[in-house]
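This report refers to the structure that appears directly beneath it.
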Amino acid sequence: MDLTPQNKEILEVLSPQSDADTIVYVKGTQIAGTTITDVACQAIIDLYPAAYWMVFANNELARNHVIMRVERAFEQNNRLKGKVKSSYD
């Protein structure tokens, strides 16, 4: 979080320790929305394994995101290794 301290509060509210039951995140474009979504996805997969949908405008955007961001994060995070299999394999 050192590189994106502005995201710290929203990620804390998304954590299991938060007592929030509704979260509204209003932001401009290009303000870490994808990063926050990716981190939340990783937490859900790690802590509460269940189906998780990520929706993109088209298959090319989805594939690029999974390959460039999601798979890399899973490979680098020891807690997530082996918990997820890409549908693009």
Side-chain angles (χ1 to χ4, degrees):
M1 294 288 28
D2 293 340
L3 297 176
T4 55
Q6 68 275 12
N7 298 332
K8 187 174 188 289
E9 183 179 0
I10 193 82
L11 290 171
E12 286 174 350
V13 172
L14 289 169
S15 77
Q17 290 78 25
S18 172
D19 59 356
D21 61 2
T22 303
I23 301 163
V24 177
Y25 179 45
V26 180
K27 66 173 201 67
T29 59
Q30 302 299 319
I31 310 287
T34 303
T35 299
I36 289 171
T37 302
D38 287 345
V39 170
C41 172
Q42 292 170 38
I44 290 167
I45 289 168
D46 184 36
L47 301 172
Y48 311 103
Y52 188 88
W53 286 59
M54 294 181 79
V55 179
F56 293 87
N58 59 52
N59 284 343
E60 182 179 354
L61 289 174
R63 182 182 184 91
N64 290 342
H65 182 79
V66 167
I67 291 169
M68 293 181 353
R69 299 197 54 173
V70 176
E71 287 182 350
R72 285 183 186 170
F74 293 159
E75 289 168 3
Q76 295 171 359
N77 186 325
N78 289 331
R79 290 181 60 121
L80 297 176
K81 284 182 183 176
K83 290 187 177 182
V84 174
K85 179 181 176 204
S86 172
S87 60
Y88 291 108
D89 289 341

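Counting only heavy atoms from C-beta outward, the side chains of Arg69 and Thr35 approach each other to under 4.5 Å. Contact check for Arg63 versus Phe56: no side-chain heavy atoms found under the 4.5 Å cut-off. Two residues are said to be in side-chain contact when any heavy atoms from C-beta on lie closer than 4.5 Å; Arg79 and Leu47 meet this criterion.
Here the CD atom belonging to Glu71 is positioned 6.5 Å from the CD atom belonging to Glu75, to the nearest 0.5 angstrom. Here the CD1 atom belonging to Ile10 is positioned 9.5 Å from the OG atom belonging to Ser18, to the nearest 0.5 angstrom. Distance CG/Asp46 to CD1/Ile44: 11.0 Å, rounded to 0.5 Å.
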If you apply the rule side chain to side chain contact (heavy atoms under 4.5 Å, CB included), what do you find for His65 with Asp38, and how did you get there? CA-CA 10 Å; His65 182 79; Asp38 287 345; 2.9 Å; yes
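Cluster annotation: Val70 is connected to Leu61 through the hydrophobic network of ILVMFWY side chains, with a link wherever side-chain heavy atoms come within less than 4.5 Å.
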